[in-house]
Amino acid sequence: MHRPRFLRTAIALCITATITACAGQSHIANTAAQNTPPFANAVPLAGELRPYALALRPSHVHDLAAFGSATRYEIELWVNPTTRSIRGVQSVRYTNRGPAPLDEIMLRLYPNTRYMNGSMQAGAVLADGRPVTPTVYLRASIGAAQFVTDSSVVRLPLPARLGVGQSVTLSMTFQVTAPARPETGYRVFGQTNGVLSLPNVYPLIPPRDSRGAWHLDEAPDWGDIVFSESALYRVRIQAPIDQVIVASGVCTSFRDAAHARQEVTCVAGPLRDFALHLSEKFEVIEATLVSQGELILLRSYYLSGFRAGAAR
């Protein structure tokens with residue numbers, strides 16, 4: 001099925017859904033602060049899980065209890081819309097929930113796929129503070145008795161074997177460049193019509209099957225190419241002050257008018273992946289509805305001339 005261009009439709013719809021919430025500009029900050037106590041106290045949670053309660057509806061905060069060992073991403077992004085470049089630093093806590101010890105952990109760099117047609121370079125990597133050297137991933141070539149490098153996969157050999165139930169913290173830097181006027185896949189990554197769309201703009205740990213094998217399927221040129229597991233996210237985004245930022249989760253912002261910069265911090269999860277969109281042209285319309293006795297705020301972000309579609 002042919003899907004129309006995401007950005008040509010000029011509607012970015014941001015919905016506070018059953019599990020996660022999605023917020024954009026600074027006007028969410030007061031609401032988030034007011035909701036913190038009842039969200040945090042709705043169920044008894046371990047202290048390290050409590051910050052993520054803000055991202056869930058009160059009736060679903062109990063879901064966090066099942067995600068104590070979920071992968072946790074702490075990400076900081078510096079976004080330059082003019083050059084479509086992103087500089088990032090992330091710390092990821094990964095727990096071995098498989099049936100056997102691990103000697104390595106895999107990373108997916110989805111911007112390097114033909115579908116997304118951008119570039120991502122992983123920099124220095126530490127595992128529990130000890131340097132590790134990423135190595136390339138060789139994939140069997142279809143129809144040929146040879147292996148080819150898949151730049152969307154990176155191997156991280158661990159300095160010590162990670163036992164079942166044990167955790168490791170991976171710290172890394174990375175650089176991303178998004179394409180202008182994307183023409184590949186469903187055109188969901190890159191900049192067009194004044195909107196910079198940045199889904200999966202960070203190194204992501206893929207899932208494993210019941211035998212402990214990594215799912216490293218070659219990314220196709222169509223459909224939803226990202227294969228990931230539900231995780232917990234805290235993401236800080238720094239960008240020019242004129243950008244309207246739409247991101248996964250519940251966000252608060254700080255605006256530095258003197259330096260024409262803004263800092264938006266989002267908490268999200270359990271969430272399959274984190275998405276981010278920026279534009280100085282975004283307008284927004286919002287409405288509330290009642291679901292299971294709870295007020296749900298919906299915001300629809302759109303470009304000028306598409307208000308009717310945003311309202312629908």
Side-chain angles (χ1 to χ4, degrees), residues 14-24 28-29 32-33 35-77 88-98 102 105-110 125-128 156 162 164-172 174 198-208 214-215 226-237 245-253 263-276:
C14 187
I15 299 177
T16 303
T18 301
I19 294 182
T20 60
C22 191
I28 193 75
N35 284 338
T36 300
F39 276 41
N41 296 330
V43 293
L45 292 172
E48 57 189 12
L49 290 178
R50 196 168 292 116
Y52 301 99
L54 186 61
L56 282 79
R57 292 169 56 176
S59 59
H60 289 75
V61 169
H62 65 275
D63 289 342
L64 280 173
F67 282 82
S69 62
T71 302
R72 300 178 197 172
Y73 292 87
E74 302 273 349
I75 307 172
E76 186 154 12
L77 302 171
V89 176
Q90 78 175 18
S91 174
V92 187
R93 197 187 91 162
Y94 181 79
T95 300
N96 180 7
R97 303 190 303 276
L102 286 174
I105 291 178
M106 312 301 287
L107 290 178
R108 294 305 303 258
L109 312 183
Y110 279 105
V125 181
L126 301 177
D128 285 340
L156 292 181
L162 187 66
V164 175
Q166 293 182 336
S167 301
V168 63
T169 297
L170 303 173
S171 304
M172 66 197 73
F174 56 95
L198 302 173
N200 309 107
V201 73
Y202 56 95
L204 187 151
I205 298 179
R208 296 159 64 199
W214 295 100
H215 277 291
V226 176
F227 193 7
S228 56
E229 61 183 2
S230 295
L232 303 176
Y233 289 85
R234 286 198 285 187
V235 183
R236 184 163 60 184
I237 304 145
I245 294 176
V246 185
S248 303
V250 170
C251 305
T252 58
S253 70
E263 180 179 290
V264 175
T265 302
C266 303
V267 58
L271 193 71
R272 200 184 67 162
D273 52 11
F274 187 88
L276 170 65

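The residues of the chain are indexed from 1 along the displayed sequence. Remember, predicted model here, so these are calculated numbers, not experimental data.
Here the closest heavy-atom approach between residue R93 and residue G68 is recorded as NH2-O, 3.5 Å. Contact record, S248 with F274: O-CE1, 3.3 Å, taken as the closest heavy-atom pair. Among all heavy-atom pairs drawn from P203 and L109, the shortest one is CB-CD2, 3.8 Å. Summarising the geometry of V267 relative to P51, their closest heavy-atom pair is CG2-O, 3.5 Å, with the distance given to 0.1 Å. S167 and D128 make their closest contact through O-OD2, 4.2 Å (heavy atoms, listed as atom of the first residue, atom of the second, distance). Nearest heavy-atom pair across A268 and G249 is CB-CA, 3.6 Å.
Atom CG in L271 sits 9.5 Å away from atom CG in L56 (nearest 0.5 Å). In this structure, S253 OG and I245 CD1 are separated by 8.0 Å, a value rounded to the nearest 0.5 Å. Here the OG-CD distance, from S171 to Q90, works out to 9.0 Å after rounding to the nearest 0.5 Å. Between atom CD1 of residue I205 and atom CG of residue L107 there is a gap of 6.0 Å, rounded to the nearest 0.5 Å. For the atom pair CD of E229 and CZ of F67, the computed distance is 9.5 Å after rounding to the nearest 0.5 Å.
Applying the ring pair (Phe, Tyr, Trp, His ring centres under 6.0 Å) rule to Y202 yields the partners Y73, Y233; only residues at least two apart in sequence or on another chain are considered. Here T265 pairs with nothing under the side-chain hydrogen bond (donor to acceptor under 3.5 Å, both in side chains) rule; sequence neighbours left out. Every side-chain hydrogen bond (donor to acceptor under 3.5 Å, both in side chains) that R208 has, sequence neighbours left out, goes to Y94, N96. S69 pairs by the side chain to side chain contact (heavy atoms under 4.5 Å, CB included) definition with T95, R97, not counting sequence neighbours. A search for ring pair (Phe, Tyr, Trp, His ring centres under 6.0 Å) contacts involving F227 returns H215, not counting sequence neighbours. Residues passing the side chain to side chain contact (heavy atoms under 4.5 Å, CB included) test with S228, sequence neighbours excluded: L204, V226, R272, D273. Residues that satisfy the salt bridge (Lys or Arg N to Asp or Glu O under 4.0 Å) test with R236, not counting sequence neighbours, are E76, E263. Partners of T169 under the side-chain hydrogen bond (donor to acceptor under 3.5 Å, both in side chains) rule, at least two apart in sequence or in another chain, do not exist in this structure. Y110 meets the ring pair (Phe, Tyr, Trp, His ring centres under 6.0 Å) test with no other residue; sequence neighbours excluded.
Inter-residue side-chain proximity for F174 and I75 is flagged as met; some heavy-atom pair is nearer than 4.5 Å.
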